[in-house]
Each structure stands twice: as C-alpha cells, then as structure tokens.
Amino acid sequence: MTLRLTNTLTRRSEPFVPLVPAQVSIYCCGVTVYDLCHLGHARSYIAWDVLRRYLTWSGFAVTFVQNVTDIDDKILQRATAEGSSMEEVSERNITAFQADMAALNILPPDRMPRATRCLDGIRQLIGELESKGAAYSADGDVYFAVTKAAGYGKLSGRDLSEQQDNADGRVSGEEERRKHHPFDFALWKGAKPGEPSFPSPWGPGRPGWHIECSAMVRQELGDSIDIHLGGADLIFPHHENEIAQSEAATGKPLARYWLHNGMVNVSGEKMGKSLGNFTTIRALLESGVSPMTLRLFVLQAHYRKPLDFSAEALEAAATGWRGLNAALELVARFGDRLGFEPPDPAEPLSANPESSDTSDSREAFIAAMDDDLNSSAALAVLFKLARPLRALSNRLERGEDPHEPDPLPGATPSDLLAQWQLLVELAGVLGLKAEPSPTAPPREDPAAAGPVEREIAALIKQRLEARKARNYAAADAIRDQLRGHGIELIDRPGGSTDWIRR
RNA sequence: GGCGGCAUGGCCAAGUGGUAAGGCAGAGGAUUGCAAAUCCUUUACCCCCAGUUCGAAUCUGGGUGCCGCCUCCA
C-alpha cells in the first residue's frame, strides 16, 4: 500500500510519489494576519499537520513551508482604523497565530516566510514575467496577462469565456479599465498617496496577493515542489494565479499535488472572516473546549468535506476525547499500580514485540491514512485500541476495589502495554496527545486540601449522614448539587465516598 | 449562466460492486438505596425514479435538495 491523495489538479486520487525519493517539499498557504484565526483556519492547519506527521512517520524527510501574508489591504485598513501601522497589526496577529497553532499541537513550519521579507524575490519574478511578455504595467500597477498563460484555468476547471465577470461586484471600475482582460490580476499595486509602500522599478507600491506565494515557493523550495496546500476557497483565483505566474516564469510545473481542505460551515454556511460568522480559536479554547477536543472534532470528518460546526457536535467530540484521553493517560496515572515501567522516551516502541492484535491495528491505521488521509477511519482504529484501556482506567479510578484490583482480566500486562504504546504512537501521528485530566485530591493528605476540597468533604459527610438516616432524597440532592459543579461522587464498598472532577 | 462538491440511523460521520466502521446520544438487562464505572443485549428499507449486474449505499441516466468558487477568503 502506498499513500494516495486526491489531487485537485487532476480531480483524481493518485499514488503519492515525491520528486526526490524519501523527501517531500510542502508549501502551505498561510494566513493574512489582519485578525485572529478562526475555526476554519484550525481545520485547515490541523488537516495539513496530520498530513505532515503522517509523511514523517512513514519515513519521509518533510520540508514544510508556510507563509504569512503581512502586506494586505485589510491589514492596512486595520492599521488606519486603530491608528497604528501594518507592522504593528501584523506582528500582533502573527504572535497570536503562533500561540493558537501551538495550543492545537500543530507543528510549526520549518520556515515561515513573510511577504515583507521576500520583496526582492517578488520584484525579480515580476520583472521576469514582464520581460517574457506575460505581464504589463499600467499607471504604476503591474498586471499578469491571463491570456498569455497556456492552460489558465486548469486547476479550477474554468473556461475564461464562460465566467461571469465580476460576479461578486467587488472590482472597481478604475482598476478594470487598466486591465487588458477582466481576469488579469495585479502583480504590483501602485501606492495611493499616504499609503505605505515599497520601492520598485514600477514605482512605489506593494505586491499583489498571489505573487508572494510564487516568489516564496521558489525562494524556499525551488521551481517545482511536491505538495501545495490550502483551503478550497483558494483554488480560484489564488492558486490558479499562482500556477499561472510561476509556470510562466519557470516553464516548470509548480506543484505535483494540489490538496484542498473543505470549509467549516455554520448552520449550512461557510465560516468566513468576511461573513462575520466565525468563532476564533482563542474564544473556543477560552470557553473551555480543550485543544484535543478540537482536533478530534476536526479529524472525525474527512478533510475534503465540509465540516458543520455546532455546539452539539463539539460536545460529542469532547465526550469522545475524554474516553481516548483516559486510555492515553493510563500508564501515567496507573502504571505503577499495574506494574508497568514508565516508557523510556528515548526508545519508546521497539522494545516490545507486537502481538498480532496490535499489528492488525497498525495495518488498519495505515490503510485508512493511505486512503487520502481517512482520519475518520483511522480514529476508529484508535477507539478500538482505546476501549479496553479506557475501561481499565475507569475501573481503576472508580472501580469497586481500587486497593486490591485484578486489573487485567483476560489480558496479560505485556499485551496491554503493547496496545497502549501503539495507541500513543498512532494518536501521535494524528497530533493527539494525553491532556492531564483533573483528578481527585490525594485521600491521605487532607492538609493539602484547599477550601473547595474541604467544602466538598463537608458535603460528602453530610450526605453520608443522610444516607445512614435513610434520607435518600437529601443524599441525592447533595449528589446532584456537586454534579452541577462537575464533581462526581463514587460510593465505595464499605461506606466510603470518593470524588473526581469531570 | 459556468465550474466543482455533497445527500448514509436521533446527531456527527466512514464506507466507491459482495450485502452497512467509529464517535455521541438512547433503550433493555446484570450490578447499585439512587448514581458513577464495568459487563451483556439493542436501534439503518444508505434523498427519489429508472437502468447495468448473479449482486449497487457504491456504477450509468434522469430528478430533487443543499453547499462552495466565478478576482476578500483556510
């Protein structure tokens, strides 16, 4: 089996074969930093993070480049509105972007070029296009001539003559008059008076949106790369124009595989900055949604399909994650009680020979991921691996007799350990890792208890007395009261009661 | 108008010719004063119509509905 990916360029699923054996060059279209990232960005970058992790895990040496667009009309608008500068707005949002990505356990790109730092490459590329007759200047602007690009429209499947010109009504008449063809697009925009600008042979101005990616790919990775990534909304015009520019300049294919993720929808409509219906990553995390819940939510759907966002779906993912997490945490929390050695991070997985059971799981996982990154099917493998581990963890946490357990009914410790190790490994390929779950305070250490713990202990004592008096209504009221605060009571045999946070 | 995509149980969602993964939620049972946890059992005429085939959720044709893109967009 080899990895197959759906290539937008050919509209087919194709086996992945890199240009250079065992090496993969990836360019991912990044954010325009005029605002915080929202769930749509999270979806996209989680999907590509999984692609990257899977390729690396499969033995490829991956170079992952993701740009930051820090020159843009909207950044300029923000800066003007708040009385600051493009640099300030960009810098602030880049910092936020990196923090959000780190929180979601998305690996940072190997290199993160910025438009403001690639101006030489941009100007050079525009110059080449001009000298090849693929670009023309007009009143301080420079435009790319789409009619000079053979195969323009090949990525998006468009025929120029069939398109509705200015379908969204966002193009100004002034700009339109300068163009030879309505679909020509700006490589360089002359600065209006008072606007920040960069010098160029065509006068002061700033680069158009598409040209930076062409310049950055070339600068960071060369003329042809393996995989180019982005959201489906970038297929046209952004990626179409990137192809046109790059291939007009180099005469070589820009990328062999073009992958696009589906949009995040809110009540059936695309989530987007311009639609104003977005939820930022930050707001979600601050509202108590855990990063891994968000990852699970995203990965439960195939990356190319639309993903519908709702509080209910997110809640379901949170519950699902609790189960996976309980399994992932098993050894950290109960390893000593089970007689497991804590794993050595230096050589984690090769030490234990795998049972046939785990090798089946490994194969199923690989088969799922090889099939155009079917993370949903891959997760099914994780859930299957996790089920007995989770059950064991729950039993140890709130089981009948925690001090004298028979924790391994029907399984040997080495089987369980092998399953756990495989689970951790495969979860890691999806970027899922254990999150410490809140646990009960040490029972033998009342001195360490804070006021909240003491209050809980007092309530438990009240309830115990109510139960002794057979006043179950009062006892259950206390149970419900605590449950309302996320405290779950566990009655043990022998009359004692423990509690955990949920 | 052009291009592309999607339609699977209460919700989310895999499955591209061999008789429906998984998650969430629910139901019944064992256990519990009640719970929690655990164990067992359980919930689908795959949007409609026609066709191809021994066999179709899967392929073909025709509908219906929804979504994305057509120079802001992940």
Side-chain angles (χ1 to χ4, degrees), chain A residues 8 11 13 28-32 34 37-45 47-48 72-74 153 156-168 170-171 175 179 182-186 208-210 229-238 240-241 260-265 268-275 296-297 300-302 304-308 310 312-321 323-324 364 368 371 374-384 391-400 409 467 470 472-473 475-476 479-480 483 488-491 493 499-500 502:
Chain A
T8 306
R11 292 168 192 78
S13 162
C28 177
C29 273
V31 279
T32 303
Y34 70 89
C37 288
H38 57 66
L39 186 54
H41 300 101
R43 200 264 170 110
S44 183
Y45 300 141
W48 306 140
D72 169 81
D73 290 356
K74 287 191 175 165
S156 54
R158 279 169 164 71
D159 181 344
L160 283 182
S161 62
E162 306 262 5
Q163 299 305 299
Q164 263 182 22
D165 180 30
N166 194 17
D168 253 16
R170 271 186 272 107
V171 179
E175 190 179 336
K179 294 182 181 178
F183 279 76
D184 288 352
F185 53 90
W209 175 34
H210 316 295
L229 304 172
D233 51 353
L234 298 184
I235 295 171
F236 192 91
H238 183 54
E240 194 71 70
N241 291 350
H260 293 98
N261 63 275
M263 299 293 98
V264 174
N265 290 342
E269 276 207 320
K270 172 183 162 182
M271 177 181 286
K273 287 181 182 174
S274 53
L275 294 173
L296 184 66
F297 171 66
Q300 273 183 313
H302 186 89
R304 299 182 65 244
K305 287 201 175 182
L307 173 63
D308 221 68
S310 68
E312 294 74 25
L314 203 58
E315 183 52 44
T319 314
W321 169 246
L324 269 184
D371 180 16
N374 188 342
S375 53
S376 182
L379 280 171
V381 176
L382 297 200
F383 278 110
K384 189 180 167 211
L392 174 58
S393 175
N394 281 326
R395 242 181 287 137
L396 290 170
E397 182 173 60
R398 36 194 144 184
E400 304 277 299
R467 291 175 70 205
R470 305 233 157 228
Y472 291 122
D476 291 350
R479 178 196 284 289
D480 292 344
R483 202 201 317 261
E488 183 183 310
L489 297 184
I490 301 161
D491 293 331
W499 60 273
I500 56 175
R502 289 207 69 190

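Note on naming: letters A, B, ... go to the chains in the order of the sequence lines (proteins, then strands), and numbering restarts at 1 for each one.
The side chain of A:Asp491 sits closest to B:C34 out of B:A74, B:C34, B:A13. Which of B:C34, B:C73, B:C24 sits closest to the side chain of A:Ala316 comes down to B:C24. When distances run from any side-chain atom of A:Leu234 to the nucleotides B:U38, B:G33, B:A74, the shortest one goes to B:A74. Distance from the side chain of A:Arg483 is smallest for B:A36 among the nucleotides B:A36, B:U38, B:A21. Checking B:A74, B:G4, B:A21 against every side-chain atom of A:Ala380, the shortest atom distance belongs to B:A21. With B:A74, B:A25, B:A35 as the candidates, the nucleotide lying closest to the side chain of A:Thr319 is B:A25. Checking B:C34, B:A13, B:C73 against every side-chain atom of A:Ala301, the shortest atom distance belongs to B:A13. Listed nucleotides: B:C70, B:C34, B:A13. Nearest to the side chain of A:Arg158: B:C70. Checking B:G33, B:G22, B:A74 against the side-chain heavy atoms of A:Ser44 singles out B:A74 as nearest.
When the C1' atom is used for both B:G17 and B:C59, the distance is 8 Å, rounded to whole Å. For B:A20 and B:C46, the P atoms lie 12 Å apart once the distance is rounded to whole Å. Annotation: B:G9 and B:C39 have their C1' atoms spaced 25 Å apart (nearest Å). Spacing of P atoms, B:A57 relative to B:G51, comes out at 15 Å, to the nearest Å. On the P atoms, B:U60 is 25 Å away from B:C67, given to the nearest whole Å. Between the P atoms of B:U43 and B:G23, the separation comes to 15 Å (whole Å). Nucleotides B:C45 and B:U8 have their C1' atoms positioned 12 Å apart, rounded to a whole Å. Only the P atoms considered, B:U16 is 12 Å distant from B:C6, to the nearest whole Å.
Closest heavy-atom contact between A:Arg467 and A:Ala475: CG-CB, 3.5 Å. The two residues A:Cys29 and A:His238 have their closest heavy-atom pair at SG-NE2, 3.5 Å. The minimum heavy-atom distance linking A:Arg479 with A:Asp491 is given by the pair NH2-OD2, 3.2 Å.
Two residues, A:Ala475 and A:Gly268, neighbour RNA chain B, and the one matched to the more 5' nucleotide by heavy-atom proximity is A:Ala475.
In this structure, A:Lys179 is not positioned above the aromatic face of A:Phe185 in the sense of NZ or CZ being under 6.0 Å from the six-membered ring centre and within 45° of the axis. Both cation-pi conditions hold for A:Arg158 and A:Phe236: the charged atom is under 6.0 angstrom from the six-membered ring centre and inside a 45 degree cone around its axis.
Counting heavy atoms from C-beta on, the side chains of A:Leu307 and A:Phe297 come closer than 4.5 Å.
By the criterion of a centre-to-centre distance under 5.5 Å and near-parallel planes under 30°, the ring of A:Phe383 forms no stack with the base of B:G22.
The backbone N or O of A:His302 lies less than 3.5 Å from no partner atom in the side chain of A:Ser376, so there is not a single donor-acceptor pair. Listed for the A:Ser44 side chain is no donor-acceptor partner under 3.5 Å among the backbone atoms of A:Gly40.
Within 4.0 Å (heavy atoms only), A:Gly157 reaches sugar-phosphate atoms of the nucleic acid but no base atom. In this structure, A:Phe297 reaches neither bases nor backbone, as no heavy-atom distance under 4.0 Å exists between it and the strands shown. Contact annotation for A:Asp480: no contact, since no heavy-atom pair falls under 4.0 Å across all strands. In this structure, A:Ala232 reaches neither bases nor backbone, as no heavy-atom distance under 4.0 Å exists between it and the strands shown. Residue contacts shown for A:Gly30 are limited to sugar-phosphate atoms, with no base heavy atom under 4.0 Å away. Counting any heavy atom pair closer than 4.0 Å across all strands shown, A:His302 reaches sugar-phosphate atoms only and no base atom. Residue contacts shown for A:Val381 are absent, as no nucleic acid heavy atom lies under 4.0 Å away. Heavy atoms of A:Leu39 sit nowhere under 4.0 angstrom from any nucleic acid atom. Looking at heavy-atom distances under 4.0 Å, A:Arg479 makes contact with a base. The residue A:Asn374 sits close only to the backbone: its heavy atoms come under 4.0 Å of sugar-phosphate atoms, none of a base. At a threshold of 4.0 angstrom between heavy atoms, the contacts of A:Phe236 are confined to the sugar-phosphate backbone, with no base atom among them.
Taking side-chain N and O atoms only, A:Trp209 has a distance below 4.0 Å to OP1 or OP2 of B:C73. Here A:Lys305 does not reach the OP1 or OP2 of B:G68: none of its side-chain N or O atoms lies under 4.0 Å away. A close approach under 4.0 Å does occur between a side-chain nitrogen or oxygen of A:Lys273 and OP1 or OP2 of B:A74.
Here B:U31 presents its C1' atom at 16 Å from CG of A:Asn394, a figure rounded to the nearest Å.
Sparse packing is recorded around CZ of A:Arg470, with 12 or fewer heavy atoms of other residues, nucleotides or ligands lying under 6.0 Å away.
In the model, A:Asp72 has no side-chain atom that pairs as donor or acceptor with a side-chain atom of A:Thr32 under 3.5 Å.
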Secondary structure of RNA chain B in dot-bracket form (Watson-Crick or G-U wobble, distances below 3.5 Å, | marking inter-strand pairs): ((((((((.[[[..)..(...]]].(((((.......)))))....[[[[[..)....]]]]])))))))....

